Amino acid sequence: MSKPRGLRAWLGHGDALPRVALVVFLAVALLAVACQQQTPQQPGKPAAPAQEAPKPAAEKPAAQPAQKPAQPAKPAAAVAGVKIGVLHPLTGGLAFEGKQVHNGVLMRLEEANAAGGIKSMGGAKLEIMQGDTQGKPEVGVAETERMIRDGAVAIMGAFQSAVTFPITQAAERQKVPVVVSVAASDEITRRGFKYVFRQQPNTDIYAKQGLTALKELIQRKNANLSTFVIIHEDSLFGTTQAGHMERYGKELGFKQLDKIAYKATTSDLTTEVSRIKSLKPDILLISGYYADTVLMMRTIRDLRADIPAIIGMANAAMSNPKFAQEEPKLAEHMIDVNYWWDPKSERAKKVREAYKQKHNEEMTNHAVQGYQSADVLVDALERAGKADREALREALTKTKLGNLIVPGETIEFDERGENKNAQPLLLQFQKGVPRAIAPAKYAEVEPAFPIPKLEERLR
Amino acid sequence: MDPRLFAQAVVGGVLNGGVYGIAALGLALIFGVMRIINFAHGAFMMLAMYLSYWAFTLAGVDPYLSVMLTVPTLFVIGVVVQRYLINHVLEAPEHTQLLLTLGVALIVQNAALALWSPDPRTISTVYTRTVWYVADVAISLPRFIAFAAALVASALLFLLLTRTDLGKAMRAAAEEPEGARLVGIDVAHIYAVAFGLGLACVAVAGTVVLPYFRVSPDVGDVFVLIAFVTVVLGGMGNLAGAMLGGLIIGVAESLGALLPGSLKHLVVFAIFVIVLLLRPQGLLGARR
């Protein structure tokens with residue numbers, strides 16, 4: 001029992017070692033916490049690591065030895081940078097999704113820098129200030145306010161509706177434009193705000209267009225499907241999405257059997273899925289994030305809940321290539337209503353390839369949406385001509401952006417800041433790849449519908 | 001209500017509750033012996049899950065066999081963390097203890113985030129997809145194994161505490177540290193072992209959960225946040241209470257999911273508040 005005493009005796013001095021260890025640990029702990037808060041701030045400086053990385057890559061095409069061009073580039077940086085705050089959940093339960101959006105946004109902003117900055121501002125570079133919302137509204141607001149204090153001309157964020165909702169409020173108060181990267185709840189633009197711009201479809205459009213396309217599909221395939229159950233995660237996103245699905249579902253003549261809410265961080269969905277199974281719906285509509293949707297699909301398999309049509313609504317898993325990698329059999333034939341790349345766009349192809357090169361994974365819908373919204377911001381900055389919040393807001397309202405990587409001819413905002421032309425697609429996993437199946441204009445493949453029986457799919 | 005639905009909810013709840021129980025058991029042991037609330041418990045569960053994940057992915061080790069790896073590793077980590085960190089705040093005010101364990105959690109979680117990215121990862125094995133049907137009630141094999149393993153692990157811990165000298169010494173140190181010292185028990189040593197055992201429990205939880213649940217740096221929160229409630233519900237520091245609390249919460253969550261809206265967490269906390277009102281010392285309340 002005197003073993004530790006022996007050790008201490010050997011070290012010569014009673015409690016010294018443990019005390020030193022404690023001090024060292026506390027120092028490391030403090031550092032770790034400090035770093036966490038600092039990382040986002042660092043990019044505020046021109047020489048921040050996040051920005052440095054893309055520079056050499058950008059200068060390579062100059063067909064000169066990699067080191068040389070770095071020097072002429074320096075004087076150009078004398079023009080004051082344009083500060084852009086980018087914040088998403090980079091830690092916590094939604095970090096996986098948040099990282100994808102973040103990567104998409106950063107990729108477009110870095111491209112702009114690589115292409116010589118904002119030309120109308122004399123080649124001013126974008127100074128990217130990064131922030132982590134941790135998936136928490138209060139942290140998101142605090143980060144937004146910090147970025148605004150530090151001179152952000154615009155804010156981009158924040159993946160979750162529940163976080164974007166208060167962030168836009170904080171920015172509106174201080175008259176700072178927010179270009180929403182991803183956040184679908186239509187409540188966000190229903191408050192008469194003048195500084196919020198969103199290019200992606202909101203929950204209303206998703207539900208309306210998604211269910212209309214579904215109805216057409218059912219009629220075209222002569223499928224006898226009429227009853228549905230909604231299951232949704234219970235934060236702002238899932239709840240508003242479910243509300244619209246209920247409304248449009250009924251308007252389109254479907255019969256709703258039940259609407260089930262769950263918490264995205266749950267450890268078990270057995271009861272929820274057995275409820276669905278006992279209702280025997282023709283259609284299951286799912287609004288959820290990635291991990292919870294995968295858990296649900298696995299539970300559907302375990303409980304042998306055979307449903308002829310399983311449709312994700314702006315779902316984070318149902319058209320995510322990672323889902324097909326993890327659960328190829330479960331993912332196959334699943335349908336999702338999502339804002340995706342335009343399968344016919346050449347630019348989208350190039351962007352996706354560049355993304356894959358950079359991140360070693362397929363570009364997901366979230367990354368696409370992040371990229372496209374950053375594209376909107378870059379275009380508006382170019383037209384604003386100065387790093388000024390008011391000028392930027394003016395420019396954003398006059399946006400008419402073409403050559404998109406998402407479906408639609410142009411992006412134009414209405415008085416609420418919503419993209420008038422946002423066009424979600426119906427996607428279906430076919431042979432492990434999510435492909436567009438509707439509307440007809442964008443369809444790549446013939447839909448397999450209704451989906452085969454569960455037993456067949458698992459074979 | 002459909003009786004089959006009810007039966008399925010109860011079965012699902014019991015199976016899930018076993019995992020809550022074993023996660024809470026470690027927490028209760030640590031609190032019972034040295035009056036420390038270990039806020040890093042979830043982070044260590046995540047660490048065990050990653051260990052098991054990498055053993056499976058890189059070396060093809062069966063996820064259940066990797067318990068031979070995760071339990072000793074986490075035990076050693078526990079002993080080290082207790083000896084060199086926790087041991088110094090035993091007499092410190094509670095907020096100091098909280099800051100320390102929370103700091104450990106932050107470091108472990110952020111290290112995992114930096115090393116392994118936030119991507120949720122899952123493993124796929126033969127038994128991941130095996131499901132038994134008993135009178136139309138589905139029992140997923142990995143969830144059943146997790147439940148059984150939780151029971152076995154808690155039985156082993158119980159035997160250790162009641163039948164061995166180490167266990168007796170541990171209980172003595174928990175009851176009356178001063179007296180234990182007087183009769184020659186090295187209390188500091190006992191504390192370190194108890195902390196190690198606490199982490200070993202959560203290592204069991206992490207390992208048996210992996211075959212059916214994702215691992216990501218935040219995964220500890222999913223199981224362990226509820227474990228804090230479980231521990232208080234069962235009676236702070238009471239081991240049987242922790243297990244019972246876990247089962248109750250598992251079933252309550254599961255039955256709560258039958259109610260409209262997402263009321264299952266409400267049900268859990270309603271039970272929690274009621275128990276605190278009627279039995280402030282917890283269900284199997286320890287004295288003190």
Side-chain angles (χ1 to χ4, degrees), chain A residues 1-5 15 17-22 25-26 28-30 32-33 35-36 89-99 135 232-234 258-263 265-272 274-275 277-278 290-291 294-295 298-299 301-304 322 326-327 329 361 458, chain B residues 2 4-5 8-9 11-13 15-16 19-20 83-85 87-89 99-100 103-104 106-107 109-110 113 117-122 124 128-129 131 138 140 143 184-186 188-189 192 209 212-214 216-218 221-223 225-226 250 253-258 260-262 264-265:
Chain A
M1 291 263 185
S2 61
K3 201 174 142 213
R5 218 152 268 156
D15 282 334
L17 176 67
R19 287 244 174 86
V20 171
L22 180 63
F25 171 80
L26 286 177
V28 171
L30 275 175
V33 175
C35 283
Q36 246 205 330
L90 301 177
T91 56
L94 292 170
F96 170 62
E97 289 94 332
K99 183 193 71 179
H232 65 93
E233 64 89 30
D234 67 354
D258 204 352
K259 189 166 86 170
I260 302 170
Y262 67 91
K263 212 171 192 60
T265 51
T266 186
S267 61
D268 186 21
L269 286 167
T270 307
T271 309
E272 285 85 346
S274 33
R275 261 172 86 183
K277 188 187 174 189
S278 72
Y290 184 83
V294 174
L295 178 67
R298 287 176 151 197
T299 313
R301 173 192 63 200
D302 288 352
L303 296 182
R304 299 279 182 275
K322 191 177 161 68
E326 278 194 337
E327 291 286 0
K329 287 180 179 172
E361 61 183 22
L458 295 179
Chain B
D2 185 351
R4 214 174 40 202
L5 200 57
Q8 180 73 63
V11 168
L15 295 187
N16 209 33
V19 176
Y20 288 157
R83 174 141 291 163
Y84 294 112
L85 299 172
N87 209 18
H88 302 276
V89 296
L99 280 177
L100 182 65
V104 173
L106 263 180
I107 289 186
Q109 272 188 7
N110 282 290
L113 201 61
S117 83
D119 296 15
R121 299 162 193 264
T122 50
S124 196
T128 330
R129 267 174 249 125
V131 183
S140 128
R143 282 185 188 268
I185 294 171
D186 185 345
H189 174 69
V209 154
Y212 67 83
F213 206 78
R214 65 163 203 275
S216 54
D218 69 293
D221 297 345
V222 175
F223 293 94
L225 276 187
I226 218 86
E253 260 194 5
S254 204
L255 289 178
L258 290 175
S262 55
K264 70 180 189 184
H265 296 266

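Computed from a predicted structure; not experimentally measured. First the proteins, then the strands, lettered A, B, ... as listed; each starts at 1.
Smallest separation of non-hydrogen atoms from A:Thr91 and B:Leu113: CG2-CD2, 3.0 Å. The nearest pair of heavy atoms linking B:Phe213 to A:Thr266 is CZ-O, 3.7 Å. Residues A:Ser278 and B:Asp2 come closest through the heavy atom pair CB-OD2, 4.1 Å. The two residues A:Glu326 and B:Pro120 come nearest to each other via the heavy atoms OE2-O, 3.4 Å. Between A:Leu303 and B:Ala138, the shortest heavy-atom distance links the atoms CD2-CB, 3.3 Å. For the pair B:Val131 and A:Asp302, the tightest heavy-atom approach, listed with the atom from each and the gap, is CG1-O, 3.4 Å.
Options A:Lys322, A:Lys259, A:Glu327 differ in how many heavy-atom pairs under 4.5 Å they form with chain B, and the most are formed by A:Lys322. Ranked by non-hydrogen atom pairs under 4.5 Å with chain B, the options A:Glu97, A:His232, A:Arg298 are led by A:Arg298. For the set A:Lys277, A:Glu233, A:Arg301, A:Arg304, the entry with the most heavy-atom pairs within less than 4.5 Å of chain B is A:Arg301. Counting heavy-atom pairs closer than 4.5 Å to chain B, the top-ranked of the candidates A:Ile260, A:Leu295, A:Leu458 is A:Leu295.
A salt bridge links B:Arg143 to A:Asp268: at least one charged side-chain nitrogen sits closer than 4.0 Å to a carboxylate oxygen.
If you measure heavy-atom distances from B:Ser216 to chain A, you find no contacts under 4.5 Å at all.
In the model, A:Ser267 has a side-chain atom that pairs as donor or acceptor with a side-chain atom of B:Asn16 under 3.5 Å.
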